[in-house]
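The chains referred to below are lettered A, B, ... by the order of the sequence lines, with proteins before strands, and numbering in each begins at 1.
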Amino acid sequence: MAKYNPKEVEPRWRSRWEQDGVFRTRSPEEAGGRPKYYVLEMFPYPSGAIHMGHARNYVMGDVVARFKRAKGFNVLHPMGWDAFGMPAENAAIERGIHPKSWTYENIATMRSQLKLLGLSIDWEREFATCDPEYYGKQQKWFLELMGRGLVYRKESVVNWDPVDNTVLANEQVVDGLGWRSGAPVEKRRLTQWFLRITDYADQLLEGLTTLDRWPDKVRLMQENWIGKSQGLRLKFPLVGAFTTGADIAGIEVYTTRPDTLFGASFVGLATDHPLAEALAKSNPEIAAYVEEARRGASTEAAIEAGEKTGIFTGIYVTHPFDPEWKLPVWIANFILMGYGTGAIFACPAHDQRDLEFARKYGLPVLPVVAPPNVDSLTFNIEDEAYTGPGTLVNSRFLDGMTVEAGLTAAIAKAESLGLGEGATVYRLRDWGVSRQRYWGCPIPVIHCAKCGPVPVPDADLPVQLPDDVTFDVPGNPLARHPTWKHTSCPSCGGAAERETDTLDTFVDSSWYFARFANPHAETPIDREMADYWLAVDQYIGGVEHAVLHLLYARFITRALADEGMLGVREPFAGLFTQGMVTHETYRGADGKWVEPTDVDLKVSGTTRSATRLSTGEPLVIGDIEKMSKSKKNVVAPQEILDTHGVDAGRLFVLSDSPPERDVQWTAGGIEGSWRFVNRVWAEFEDLPADDDPADDPAAETALRRATHKAIKAVSEGFDNFRFNSAIARLYEFVNIIKAADATAVGPAARREALSALARLISPLVPHLAEECWAQLGETGLIVDAPWPDFDPAMAADNELVLPVQINGKRRGEIRVPPGLDDGAVREIALSDEAVVRHLEGSTVRKVIVVKDRIVNIVAG
RNA sequence: GCGGACGUGGCGGAACUGGUAGACGCAACAGACUUAAAAUCUGUCGCCCGAAAGGGAGUGUGGGUUCGACUCCCACCGUCCGCACCA
């Protein structure tokens with residue numbers, strides 16, 4: 001018996017698929033009555049090589065695509081490249097390679113690696129976001145959104161990454177550090193381009209409720225990120241005239257607790273509040289404080305410590321509900337300009353931050369909410385603010401009300417006084433998309449001294465990146481290019497300059513799924529094709545994009561829909577976030593990481609030890625972590641291809657863990673998958689002669705039932721993204737087929753089992769499945785074969801084993817036909833020999849029969 | 001601090017809407033084949049008592065609901081993730 005040889009088999013079937021063009025997408029006309037199904041995995045950044053995490057991601061998508069295709073769907077399963085971004089420029093800076101050639105070379109490498117995985121991808125639809133054809137279309141819709149007022153330019157304090165030398169969006173700052181560089185982010189005041197995502201805040205929030213095939217976790221993260229809150233916008237009139245800068249009559253604050261207004265102690269301003277800035281101009285002390293607070297706020301240590309500081313402005317405001325009541329105005333470092341109005345009223349008794357500030361600067365603390373069951377006369381605030389429910393006290397017209405009633409009453413009062421109105425505030429801020437980098441999509445705008453920013457005319461699109469750029473000095477190569485930015489104003493014809501900022505690469509990935517509907521269309525999106533294919537039925541990718549890519553794409557989809565370019569308002573109907581591929585780590589006595597290929601593992605009892613193969617030195621077995629070059633715990637897909645073939649690798653990455661969880665790569669695990677591949681092949685290699693007589697009807701029926709059960713269970717597993725369970729059922733099924741070899745099962749039943757098996761494994765191990773299919777004498781390809789159906793009658797048992805419990809303890813079991821009525825089951829259970837023995841000396845009080853499940857006898 | 005998820009054998013993990021806990025795989029052990037090893041095949045395999053038949057407790061800990069709880073409720077312990085001076 002020859003061993004299965006993936007090195008020979010796998011390439012043979014891949015070239016057959018390619019020759020026959022089986023994965024070319026069918027047009028709606030070609031599809032006939034087949035319903036469409038769009039499967040998409042988050043497209044990769046062309047970093048240089050496909051790693052195991054990529055492989056798991058794309059294999060999952062491929063299983064879905066192949067399964068749906070066999071089930072009769074017209075499947076779209078494309079692939080592209082998220083190809084703009086910093087690493088290409090870093091390669092240029094470090095190694096003198098042009099970003100363009102670095103990127104396209106990586107794409108070529110990774111494309112061929114992906115093809116080795118045997119993915120059912122329509123490669124005719126491939127594109128990279130750095131193709132001028134793609135980013136030119138992006139520029140076109142960008143200008144259309146600009147026409148709708150969704151794109152604007154403003155000066156603001158932005159997150160500046162001092163290592164990557166560029167601005168970052170809020171979503172790209174993690175714990176005060178740049179998401180790519182890891183450098184502490186600084187605050188800078190710059191003029192930037194923004195997309196008005198806040199216009200869509202409410203519908204992005206509402207839309208989440210329709211995404212019932214998204215993980216709750218991701219929806220919750222987006223909900224929190226958007227951060228809707230209801231409250232009151234309220235004006236505190238200034239005491240006396242204030243003439244520095246603009247004409248300011250009062251300070252507008254935002255609060256969610258207007259019920260505590262009578263506990264007000266002071267009004268606080270953010271350091272970059274317009275009034276604070278105006279004051280800083282005339283008052284050097286304030287200027288010095290503001291300057292220092294701003295610097296301090298950007299260091300990680302200061303954020304961690306959370307120390308509250310402030311300075312009194314010398315200004316007072318009056319309480320909105322009492323013109324006689326004067327409150328001091330402070331500037332404080334804990335107030336954020338980007339949220340609400342950048343100004344607050346402070347109620348120290350019922351807000352922890354306000355309390356800390358008030359204690360530090362000796363400001364009044366007036367309790368106005370008495371907790372339930374607490375004597376309001378003895379109630380006092382020490383060093384912890386009370387934020388729970390209760391009754392309002394010391395609050396004049398609000399006295400005696402609950403917190404909820406007080407909220408409504410205070411808002412009504414403020415509105416009747418004309419000093420405020422109920423307001424909804426979001427945490428979400430507009431998306432800053434300017435990047436001071438070369439390798440990105442140029443923002444198609446021309447700055448004219450006379451006309452201001454002018455859109456590049458349609459006929460001049462795309463605005464292409466120049467190839468002749470240098471990276472010898474830091475900063476944006478586009479800005480210092482000798483000629484590129486110099487042009488004439490499309491409006492007045494005078495001399496003008498191009499915008500040298502490029503777009504955040506998350507803009508590139510916010511619409512690529514729509515471009516796949518027709519990647520060569522003249523318009524950015526082929527509306528007719530997009531209407532057919534979108535929304536994406538199943539999107540698959542890492543959870544790390546929960547509030548980045550996935551929020552941006554939802555926003556852009558809605559914006560483009562409002563522009564009439566798209567017919568859907570949600571891009572991804574189904575989302576699946578898959579876990580990572582991890583591996584144990586090993587390090588030597590010197591603390592240096594050692595690659596798994598250089599490690600010898602020994603097991604004795606329950607303890608495991610590791611030694612280094614090359615030197616024999618003992619190693620420390622470390623944590624199980626995401627495969628990464630720095631920890632050297634990487635297994636390259638190529639290594640598996642060389643030793644066990646693609647199919648064994650595909651099988652393993654989906655085997656041992658549920659797909660949403662991390663899977664730990666182990667040598668034993670891949671061996672197990674390889675064994676399975678060989679066990680399957682062994683069943684097909686020596687097929688029995690067709691005239692083998694069957695003389696064991698019982699064994700034959702058992703095999704047929706197992707076949708239909710397997711079809712049912714495996715189909716359900718694939719439908720519900722439970723690949724690990726589906727694989728377990730396939731292992732069981734193969735064990736049963738193998739066991740049936742020893743019995744006299746006729747060729748028809750055996751053939752039925754093997755034909756089903758080949759098709760059931762085909763999404764997972766497609767090369768092996770084709771080989772098995774051919775071995776069965778089938779002339780067509782298994783990728784074109786329909787998914788096997790099961791007969792519900794055959795998939796059900798003809799005899800059930802019901803456990804019989806006495807007082808909840810299992811005491812026996814009975815054999816009954818399915819569907820037998822409760823009375824009959826009861827009789828059989830009560831007459832069972834083991835049951836009778838256990839019931840001796842006690843009386844039966846009650847018998848609970850759960851049909852086809854269990855019998856529980858209550859006795860005593 | 002706020003929000004969320006999860007705790008099951010030596011390990012990864014099964015268990016549908018409350019109904020036989022430990023499927024399937026890995027590791028381990030024993031045996032067959034082999035001059036030997038690998039590969040392959042067969043068997044055993046959560047814990048305690050027992051030679052076995054059988055019995056006992058058991059899904060992080062403590063309580064509760066139920067004829068019946070890994071599953072539902074309450075409290076606690078632990079791990080992981082997200083947000084974080086959001087007024």
The side chain of K738(A) lies closest to which of these nucleotides: U42(B), A87(B), C16(B)?
U42(B)
Contact under 4.0 Å: K809(A) side-chain N or O vs A57(B) OP1/OP2
yes
Say you pick atom C1' in G58(B) and the same atom in C48(B); how far apart are they, in whole Å?
10 Å
Rounding to an integer number of angstrom, what distance separates C41(B) and U34(B) when you compare their C1' atoms?
13 Å
P gap between U59(B) and G54(B), integer Å:
24 Å
With distance as the sole test, does R427(A) use its side chain to make a donor-acceptor pair with the main-chain N or O of W225(A) at under 3.5 Å?
yes
Taking the nucleotide of RNA chain B with the closest heavy atom to each, which residue, T341(A) or P803(A), is nearer the 5' end?
P803(A)
Using whole Å, what does the distance between atom P of nucleotide A23(B) and atom CD of E716(A) come to?
20 Å
Can you check whether R853(A) has a side-chain N or O nearer than 4.0 Å to OP1 or OP2 of C16(B)?
no
If I pick the P atom on C11(B) and the same atom on C83(B), what distance separates them, to the nearest angstrom?
32 Å
I'd like the P distance from U20(B) over to C70(B), given in whole Å.
10 Å
Could you tell me the separation between the CD1 atom of I857(A) and the P atom of U66(B), rounded to a whole number of Å?
21 Å
Got L651(A) and S655(A) here, is their nearest side-chain heavy-atom distance under 4.5 Å?
yes
For residues 846-860 of chain A, which side-chain donor-acceptor pairs fall under 3.5 Å, sequence neighbours excluded?
residue: K851(A); atom: NZ; partner: L820(A); partner atom: O; Å: 3.3
residue: D852(A); atom: OD1; partner: G819(A); partner atom: N; Å: 2.9
residue: D852(A); atom: OD2; partner: G819(A); partner atom: N; Å: 3.3
residue: N856(A); atom: OD1; partner: G808(A); partner atom: N; Å: 3.3

Could you tell me whether K712(A) contacts a base, only the sugar-phosphate backbone, or nothing, with contacts defined as non-hydrogen atoms closer than 4.0 Å?
nothing
Atom C1', compared across G55(B) and A51(B): separation rounded to whole Å
15 Å
Select base, sugar-phosphate, or nothing to describe what I335(A) touches, counting heavy atoms under 4.0 Å on all strands.
base
Of the listed A87(B), G68(B), A27(B), the closest approach to the R675(A) side chain comes from A27(B)
Rounded to whole Å, how long is the line connecting atom CD of Q805(A) with atom P of A21(B)?
7 Å
Testing A87(B), C67(B), C83(B) for proximity to the side chain of I344(A), the answer is A87(B)
Applying the 3.5 Å cut-off to both distances, the Watson-Crick or G-U partner of G1(B) turns out to be C83(B)
Write down the partner of G68(B) under the Watson-Crick or G-U wobble criteria, each distance required to be under 3.5 Å.
none
Would you state whether a donor and an acceptor, one from the side chain of K308(A) and one from the base of C85(B), lie under 3.5 Å apart?
yes
Could you say whether M337(A) or V547(A) is positioned toward the 5' end of RNA chain B, judged by the nucleotide with the nearest heavy atom to each?
V547(A)
Using purine N1 to pyrimidine N3 plus N6-O4 or O6-N4 for Watson-Crick, or N1-O2 and O6-N3 for G-U wobble, each under 3.5 Å, what pairs with U42(B)?
A30(B)
Pairing partner of A51(B), by Watson-Crick or G-U wobble and under 3.5 Å for both distances, is none
Which donor-acceptor pairs under 3.5 Å do the side chains of residues 259-275 of chain A make with protein atoms, sequence neighbours left out?
residue: D259(A); atom: OD1; partner: R257(A); partner atom: NE; Å: 3.1
residue: D259(A); atom: OD2; partner: R257(A); partner atom: NE; Å: 3.4
residue: D259(A); atom: OD2; partner: R257(A); partner atom: NH2; Å: 3.0
residue: T260(A); atom: OG1; partner: R257(A); partner atom: O; Å: 2.8
residue: S265(A); atom: OG; partner: P364(A); partner atom: O; Å: 2.9
residue: H273(A); atom: ND1; partner: L275(A); partner atom: N; Å: 3.1

Give me syn or anti for G9(B), where syn covers glycosidic angles within 90 degrees of 0.
syn
Would you mind classifying the nucleic acid contact of R811(A) as base, sugar-phosphate or nothing, using non-hydrogen atoms under 4.0 angstrom?
sugar-phosphate
Sugar-phosphate, base or nothing in reach of R845(A), heavy atoms under 4.0 Å
nothing
Aromatic contact between W665(A) and F652(A), with the criterion being ring centroids under 6.0 Å apart: yes or no?
yes
Over all strands shown, is V801(A) touching base, sugar-phosphate only, or nothing at heavy-atom distances under 4.0 angstrom?
base
Side chain of R722(A): nearest nucleotide among A15(B), G19(B), A87(B)?
A15(B)
Does F733(A) have its ring centroid less than 6.0 Å away from the ring centroid of Y731(A)?
no
Between G25(B), C86(B), A57(B), which one does the side chain of R353(A) approach most closely?
C86(B)
Going by an N to O cut-off under 4.0 Å, is there a salt bridge joining K360(A) and E356(A)?
no
Residues in residues 723-736 of chain A with a heavy atom under 4.0 Å of RNA chain B, by number, are N724(A), S725(A), A728(A), Y731(A), E732(A), N735(A)
Listed nucleotide nearest any side-chain atom of R427(A), set U20(B), G13(B), C86(B)
C86(B)
Going from CD on E307(A) to CZ on F357(A), what distance comes out if it is rounded to the nearest 0.5 angstrom?
11.0 Å
Round to a whole Å and report the spacing from CG of D852(A) to P of C16(B).
17 Å
NZ/NE/NH1/NH2 to OD/OE distance under 4.0 Å, D662(A) and K626(A):
no
Base, sugar-phosphate, or nothing: which does R679(A) touch, judged by heavy atoms less than 4.0 Å apart?
sugar-phosphate
Can you identify which nucleotide, out of G19(B), A87(B), A84(B), has its nearest atom closest to the W225(A) side chain?
A84(B)
Output the rounded distance in Å from CE (M580(A)) to P (C81(B)).
9 Å
Out of G4(B), U20(B), A87(B), which nucleotide sits closest to the side chain of R810(A)?
U20(B)
Assigned partner base of G25(B), Watson-Crick or wobble definition, under 3.5 Å:
C11(B)
Which part of the nucleic acid does G669(A) contact within heavy-atom distance under 4.0 Å: base, sugar-phosphate only, or nothing?
nothing
Give a yes or no on whether a salt bridge exists between R679(A) and E683(A), defined as a side-chain N under 4.0 angstrom from a carboxylate O.
no
Please pick, from G3(B), G13(B), C85(B), the nucleotide with the shortest atom-to-atom distance to any side-chain atom of P658(A).
G13(B)
Parallel, tilted or perpendicular: which one describes the rings of Y339(A) and Y254(A), with boundaries at 30° and 60°?
perpendicular
Salt-bridge criterion met for D797(A) and R705(A) (N-O under 4.0 Å):
no
Could you tell me whether V858(A) contacts a base, only the sugar-phosphate backbone, or nothing, with contacts defined as non-hydrogen atoms closer than 4.0 Å?
sugar-phosphate
Between G4(B), G55(B), G13(B), which nucleotide has the shortest distance from any of its atoms to the side chain of H838(A)?
G55(B)
Go ahead and name the base partner of A75(B); Watson-Crick or wobble counts if both distances stay under 3.5 Å, otherwise write none.
U61(B)
Touch check for I848(A), heavy atoms < 4.0 angstrom, all strands: base, sugar-phosphate only, or nothing?
base
Quote, to the nearest angstrom, the C1' distance that separates G19(B) from A30(B).
37 Å
With rounding to the closest Å, how many angstrom separate the P atoms on G22(B) and C74(B)?
29 Å
Classify T255(A) by what it touches in the nucleic acid, base, sugar-phosphate, or nothing, heavy-atom distance under 4.0 Å.
sugar-phosphate
